[in-house]
A.B. asks: 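Pasting in a structure now, in structure tokens, and then I'll have a few things to ask.
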Amino acid sequence: MSEFVTQATAFKPRSAVTQLQTFREQALNQWLDSHLPNRKTEAWRYLSLRALTGDNYFRTPAETPLEDKRALLTLSNIPGLDCYTVVMFNGSFEPALSSLPDSASGLQVSAFSDLSADVLSPYLNSAFNHQAHPFSHLNACHFADGLFVKAAKNAVIDKPLHLVNLVSKQPEKFNVSPRVLVIAQSGSQVSVIEHYISDEAEQSCFVNGISEYCVEEGAQANLYRLDMLQESAIQISGVHAALAKNASLNSFFLSLGSRLQRCDISVNFRGAGAQANLQGVYLPRNDQQVDYHTCIEHCVPHCTSNEVFRGIVSDNAKAVFNGRIHIHRDAQKTLAQLSNKNLLTSNKAEVDTKPELEIYADDVQCAHGATVAQLDETALHYLTTRGVSREEATVMLSFGFINELIEKIQLAEIGSYLRPVLAKRFASKHDLARHLL
Amino acid sequence: MLSIKNLHVKMANKHILQGLDLNVQPGEVHAIMGPNGSGKSTTGHVLAGREGYEVSSGEVSFKGKDLLQLDTEERAREGLFLAFQYPVEIPGVSNVEFMKAAVDAVRAHRDQPALDSMSFLKKAREYCTAVNLDQNFLKRGVNEGFSGGEKKRNEIMQMMLLEPSLCILDETDSGLDIDALQIVAEGVNRLRSPDRSFVVITHYQRLLNFIEPDVVHVLCGGKIVKSGDKSLALELEERGYAWLEDEVA
């Protein structure tokens, strides 16, 4: 891995963001001071980083003609969804392909490069304990530009913001470091769809993204995070939220899996009466790995968190789920729930699931549960007694296992968009998913 | 239609059926009664193809085919239907998706033309109404959060959609109030026809007031110890099973 560190350290991407010089320098020092995780690092021990070595990913991608970009953009289309769209192509903001909100909407979407350091600095690295995330330092060194999204005070944003991060196949390996800052000012309501997608061609990218959500007093942020890169991509990400008094966060995470996919999620309660819902689905197959590390920091009293993640792991794939709930001494009257259920559909599939509760307050309710199982034979039998083939019944049950969460997605268009994608995922033959489409 | 000869079935080395014989002709309704543990539900499960049962000897022929050689789904496609005593809840899979898959599979096997979505839905709605089940139940997860009575009515709705030739009702009446019982019975009676047969497994004579059987059998110790017409059910209601057990012994 030392080669990786050398390559990463030496990489100086073309960047339009010049006003964050100090921030970058700090990040570089933090990166140099931090230790790259290995199998002895508890938070990384079940995930192999080997995919990062061997090739040098630290290159800026080549330019792609606008027409090709436009053609690839159709991949991200969510039918029927009326939304604002911001397109990032191989890490670069594409105004020509985006449809941005106007000022009357109450939603500001700007590139970092258009904003002064005074605007950005108070928020960058503010939502989470960035010291604990070495790859976040790397992101801070490498983002070419960033997206600044702000819902104005008390504004109820009329349409969701579809943030499309599209990557395409390149002849050489390359790095993309997306940086997103979402601020929901007090009393506002905003929905963001962070959509990472590529075409079906074998990908050569290493995507290392950080998204921060600052949800201010009484504000509501809805986040739909869809990681749908082709399986040879490498993706390491952090999604971090800070919630002020009475703020709320509703979030949905999907990972289709890739050669190496790691997502660190943290929710940091900073004001009483806030609540966070997290739902997630991961579906690695073949030789993919998916690793979700979630951390709910209950620092203050009277906050509620509810977290439900489900995974289906097939073939040789591997999934890691670590759900940490940290209830600080002052966080009395906390309600925290965590559930992680896994389905293994092959003898070689592996799941490492670990709820991790650290509780220092004495008047709290905290429940957790984790299961790893195979398909329910009784249910399979029931379906076949009606004439459905065992193969199709297997597809239906697998789909049903995650569909319970898909059905709860508030934006109906996202549910309708995901259904066929997921149904096909379980069916080796298209025919087997036809009743689910 | 169905011919069971000298059927012996074990489960986990416990003998459950010990020489069961049963002949059901097309159009007939047979009731199987008997005390707890006599093998009634096992009979249903073995016929439907549930795993975990070991057939140590005997034969079962269904419409001239060796039933025991068929997979569970093949039995269903050939026209065998088991209404479960405890229907299974399957959250995340909607009733309507499930039944469309089932009806498509069954119709393809029987060389019937496939039903398009509209005609299928029309039928499904009609049968929901017939068993007094709100149409919302089609969209809900299979049996998910259904009450006991709703589950049983859902079984009958499925049965109507699949148009089986042999319907086995495993204690469909248990847990039903009188109104629901009548609805279920009406659903069954509506399906009665000269080429469709029923095997009704029940503890209580009450159901047989609504679904009139041609033959009543008493299953005891894994085999049929007495058969008769519907008056046998009334006699059992009055006298219980003990006298039969004595008679057999």
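It should be emphasised that the depicted structure is a prediction, and the values quoted were computed from it without experimental measurement. Order of the sequence lines sets the chain letters (A, B, ...), proteins ahead of strands, with each chain counted from 1.
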A.B. asks: Measure distances from B:E97 to the heavy atoms of chain A and classify the residue's part below 4.5 Å as side chain, backbone, both or neither.
C.D. replies: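 Contact with chain A: backbone and side chain both.
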A.B. asks: What pair of heavy atoms forms the shortest contact from B:A76 to A:G387, and how long is it?
C.D. replies: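 The pair with the smallest heavy-atom distance is CB-N, 3.3 Å.
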A.B. asks: Are there over 12 heavy-atom neighbours, none belonging to B:K5, within less than 6.0 Å of that residue's NZ?
C.D. replies: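 For B:K5, atom NZ is not crowded (no more than 12 foreign heavy atoms under 6.0 Å).
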A.B. asks: Below 4.5 Å from any heavy atom of chain A, which atoms of B:R75 appear? Answer side chain, backbone, both or neither.
C.D. replies: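 Neither the backbone nor the side chain of B:R75 comes within 4.5 Å of chain A.
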A.B. asks: Between B:F81 and A:R386, is any pair of side-chain heavy atoms under 4.5 Å apart?
C.D. replies: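 Result yes, sub-4.5 Å side-chain heavy-atom pair found.
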A.B. asks: Return the OG1 to NE2 distance between A:T385 and B:H45, rounded to the nearest 0.5 Å.
C.D. replies: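 So the gap between those two atoms works out to 10.0 Å.
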A.B. asks: Count the heavy atoms of every other residue, nucleotide or ligand shown that sit under 6.0 Å from OH of B:Y86, and state whether that count exceeds 12.
C.D. replies: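 Check fails, neighbour count at 12 or below.
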A.B. asks: Looking only at heavy atoms, what is the nearest atom pair of A:H435 and B:D104, with distance?
C.D. replies: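 Looking at all heavy atoms of both residues, the shortest contact is NE2-OD2, 2.7 Å.
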A.B. asks: Other residues, nucleotides and ligands only: do more than 12 of their heavy atoms fall within 6.0 Å of NZ on A:K341?
C.D. replies: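 No, because the 6.0 Å sphere around NZ of A:K341 holds 12 heavy atoms or fewer from other groups.
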A.B. asks: Hey, are the side chains of A:M396 and B:I90 touching, using non-hydrogen atoms and a 4.5 Å cut-off?
C.D. replies: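 No, side chains not in contact.
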A.B. asks: Taking every heavy-atom pair that is under 4.5 Å apart, which of A:I402, A:D376, A:T384 has the most such pairs with chain B?
C.D. replies: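 Most heavy-atom pairs under 4.5 Å with chain B: A:T384.
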A.B. asks: Checking B:P164 against chain A: side chain, backbone, both or neither under 4.5 Å from a heavy atom?
C.D. replies: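 Looking at B:P164, nothing touches chain A.
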A.B. asks: Is it true that atom CG of A:N347 has more than 12 heavy atoms of other residues, nucleotides or ligands lying nearer than 6.0 Å?
C.D. replies: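 It does not: A:N347 CG has 12 such atoms or fewer within range.
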A.B. asks: Check whether any side-chain heavy atom of A:F399 sits under 4.5 Å from a side-chain heavy atom of B:V93, and report yes or no.
C.D. replies: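 Not touching, per the 4.5 Å side-chain cut-off.
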A.B. asks: Need one label for B:V142: side chain, backbone, both or neither, based on atoms under 4.5 Å from any heavy atom in chain A.
C.D. replies: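 Side chain only.
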A.B. asks: Got a sec: does the NZ of B:K122 have more than 12 other heavy atoms crowding it under 6.0 Å?
C.D. replies: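 At most 12 heavy atoms, drawn from other residues, nucleotides or ligands, come within 6.0 Å of this atom.
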A.B. asks: Which value, rounded to the nearest 0.5 Å, describes the distance between B:E155 atom CD and A:Y382 atom OH?
C.D. replies: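 Nearest 0.5 Å value for the CD-OH distance: 3.5 Å.
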A.B. asks: For the pair A:H381 and B:F84, name the ring-plane relationship: parallel under 30°, tilted 30 to 60°, perpendicular over 60°.
C.D. replies: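 Judged by the thresholds at 30° and 60°, the geometry between A:H381 and B:F84 is tilted.
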A.B. asks: How long is the straight-line distance from CD of A:E407 back to CZ of B:R140, given to the nearest 0.5 Å?
C.D. replies: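 Nearest 0.5 Å value for the CZ-CD distance: 11.5 Å.
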A.B. asks: A:R390 vs B:D71, test: salt bridge (Lys or Arg N to Asp or Glu O under 4.0 Å). Steps then yes/no.
C.D. replies: CA-CA 10 Å; A:R390 200 175 159 88; B:D71 287 337; over 6 Å; no
A.B. asks: Determine, step by step, whether A:S389 and B:R77 satisfy the side chain to side chain contact (heavy atoms under 4.5 Å, CB included) criterion, reporting the C-alpha distance in whole Å, the side-chain angles of both residues, the deciding distance to 0.1 Å, and the verdict.
C.D. replies: CA-CA 10 Å; A:S389 72; B:R77 293 170 190 177; 3.5 Å; yes
